[in-house]
Amino acid sequence: MARVYLSPPHIAGREAELVAEAIESNWIAPLGPHVDAFEAEVAAVAGVEHAVALTSGTAALHLALVVLGIGEGDEVACSDFTFAASANPIAYAGATPFFVDADEATWTIDPTLLDRAIADRRAAGARVRAVIAVDLYGQCCDYDAVRRVCERHDVVLIQDATESLGATYRGESSGRQGAVAAFSFNGNKIITTSGGGMLVSGNRDWIEHARKLSTQAREPVVHYEHTEIGFNYRMSNLLAALGRAQLETLPMRVATRRRIRDRYRELLDGVPGITFMPEAEYGTSNAWLTCIVLDPDAFGADRETVRLALEAEDIEARPLWKPMHLQPIFASHRTFGGEVGARLFEHGLCLPSGSSLTDDDQDRVVATALSTRTI
C-alpha cells in the first residue's frame, strides 16, 4: 500500500495551466504578473489592503519585525507552544524572545498569562516591543483578549497566521487580526507554492518597506544603490502561479480537512483516553492538522507507541510541537508557564490530514492506532 503522508501537497485545480502560462511567458524569475495577482488575491481572502509575496512565512515574520523597527535591546513575547520558525525571526532581528504558555481551552497563547508576562518583563526593566501570537494547527488565537493586552501595554501585535489561512475569528478571515500577519505556503500547508509566504497588513507603508527590503533594499535608481540592509526574500512568478491555482480551491480544502477531522471524531468516538484539539467558540478552524491527545492509562498505549505502529504501516504521524522552552537553543530564555505545552507535546499526536486523504486511508490510520491498545 502507498505511504500515507501527514499533509502532502494536493494538486486539485489549474496548477498545470497557470504554471505553464508562466513558463511560456518567460516570467519565471522573482516578480511578474502572477506575483502581483497572487498578492491581491491573498489580501482579498484575508480582508486586508496590502500584501507582499515572499520566500517563506519565516521571511514574512522577519520583515515584520524589521519594518516595525524591532531589534537589538528589544524583547518580543512569543507563543511557547509552536514551531521554531515563530521564534527564530526574533533572533534574526537581534531582539530577545520570551515565551508564554498556551491556554488549555484553545492551545493558543494564554492572554491572561501574556498580560502577566509583559508586566513582569517591564518591571524587570525590559523593553518589550511586540507580541507574536501564533495561530495553531488552523485555529486562531483569542484576538479580542490578546489585543486588549497589547493595547494595555502599548506593544505591537504580530499575527503568525502561517497555519491558519482560511480560518475565521468572530466571522472575519484570519490575517486581519494583527497589525501585520504572516502566511506560509510551505509544502505541507493548506495551500502551497512549494515554498513561500506572504506578509499582509492594512498599513501600506510597512508593506512597501518590506517589499523594498525583500529585493535587497535596492533604491529606485538605474544603478544598484543601497541605503539599508536588504534580503533576498521575493517570491518568483512561477511559484506565485502555482499559489494562485491553489488559492482558487481554498474553500474546498478547508471543507475537506474539516470533514476529515470530524470523521476521525466519529471513528474514535467512545474510545477511552483520546481527546481532540478543542475548537474555540469564537471562530472556525481550517483544520490544517487533526490533533489528538492520548491518556496512556485510559487508552492502553502512549503517543510514541501509536506513532511507531503507524510508521511501521507506512503512515506518517508526528508529535505535537515541542515547546520553545524545551528547545536547547531557547532553554535560557524566560518562559511564563510551560506546563500546558509540555503536556501536549508529551501526549499529543498529529494524524494524517491532507485534503487528498481517502476514507480508506483514514480507516487504515484508525485501525492501526486502535491495534496498539493493550486494555
Side-chain angles (χ1 to χ4, degrees), residues 6 77-87 97-117 120 131-142 145-146 160 163-164 261 264-265 268-282 285 287-311 316-353 365 369-370 372-375:
L6 184 72
C78 181
S79 298
D80 181 49
F81 186 47
T82 184
F83 179 51
S86 302
F98 61 94
F99 301 108
V100 180
D101 202 0
D103 181 345
E104 191 111 36
T106 67
W107 296 12
T108 62
I109 195 167
D110 183 330
T112 301
L113 192 56
L114 174 65
D115 192 21
R116 294 204 300 266
D120 182 275
V131 171
I132 294 181
V134 183
D135 299 339
L136 202 78
Y137 296 120
Q139 177 154 272
C140 290
C141 301
D142 186 355
V146 172
D160 181 341
E163 300 174 14
S164 66
R261 182 201 60 188
Y264 273 125
R265 287 183 181 274
L268 293 168
D269 184 46
V271 177
I274 293 183
T275 55
F276 284 78
M277 179 180 180
E279 183 162 28
E281 53 79 25
Y282 53 64
S285 170
W288 171 52
L289 294 179
T290 294
C291 303
I292 61 171
V293 176
L294 293 164
D295 176 345
D297 292 332
F299 180 72
D302 62 17
R303 178 259 286 165
E304 193 61 6
T305 298
V306 174
R307 189 192 68 80
L308 289 172
L310 290 167
E311 184 59 43
E316 182 184 21
R318 290 186 189 170
L320 300 186
W321 298 128
K322 185 176 184 179
M324 293 302 95
H325 79 275
L326 297 178
Q327 300 289 350
I329 190 64
F330 293 121
S332 64
H333 290 254
R334 187 76 171 85
T335 300
F336 295 84
E339 298 82 8
V340 174
R343 182 185 63 80
L344 292 172
F345 167 62
E346 182 181 1
H347 298 295
L349 192 67
C350 301
L351 299 177
S353 308
V365 172
L370 292 178
T372 64
R373 299 190 69 203
T374 58
I375 57 175

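The analysis underlying the following values was restricted to heavy atoms, covering all of them including side chains, and did not include hydrogens, waters or symmetry mates.
- Aromatic ring orientation, F81 versus Y137: perpendicular (interplanar angle above 60°, classes split at 30° and 60°).
- Residues S86 and I132 come closest through the heavy atom pair O-CD1, 3.7 Å.
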What do the steps show when you test L289 against R318 for side-chain contact (heavy atoms from CB on, under 4.5 Å), and what is the final call?
-> CA-CA 10 Å; L289 294 179; R318 290 186 189 170; over 6 Å; no
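- Y264 places no side-chain N or O within donor-acceptor distance of the main-chain N or O of C291, the cut-off being under 3.5 Å.
- Using a 4.5 Å heavy-atom cutoff, the side chains of H325 and F330 are not in contact.
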Tell me, with the steps shown, if V131 and L114 meet side-chain contact (heavy atoms from CB on, under 4.5 Å).
-> CA-CA 9 Å; V131 171; L114 174 65; 4.0 Å; yes
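- Nearest heavy-atom pair, L310 versus A317, reported as atom, atom and distance to 0.1 Å: CD1-CB, 3.7 Å.
- The nearest pair of heavy atoms linking D101 to G338 is OD2-N, 2.6 Å.
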Derivation and outcome, side-chain contact (heavy atoms from CB on, under 4.5 Å), residues D120 and F98 = CA-CA 11 Å; D120 182 275; F98 61 94; over 6 Å; no
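- Closest heavy-atom contact between E279 and Q139: CA-OE1, 3.2 Å.
- When atom types are taken as modelled, the side chain of S353 and the backbone of T290 share a donor-acceptor pair closer than 3.5 angstrom.
- Around atom CD1 of I329, no more than 12 heavy atoms belonging to other residues, nucleotides or ligands sit under 6.0 Å away.
- No donor-acceptor pair closer than 3.5 Å links the side chain of D80 to the backbone N or O of F336.
- Taking the charged nitrogens against the carboxylate oxygens, R343 and E346 have no contact shorter than 4.0 Å, which rules out a salt bridge.
- D302 and T305 share a side-chain donor-acceptor pair at under 3.5 Å.
- Taking the ring-ring contact (aromatic ring centres under 6.0 Å, His included) definition, one finds that F83 meets it with W321, sequence neighbours left out.
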Apply the test side-chain contact (heavy atoms from CB on, under 4.5 Å) to residues L320 and L349: give CA-CA distance (whole Å), side-chain angles for both, the deciding distance (0.1 Å), then the verdict.
-> CA-CA 5 Å; L320 300 186; L349 192 67; 5.9 Å; no
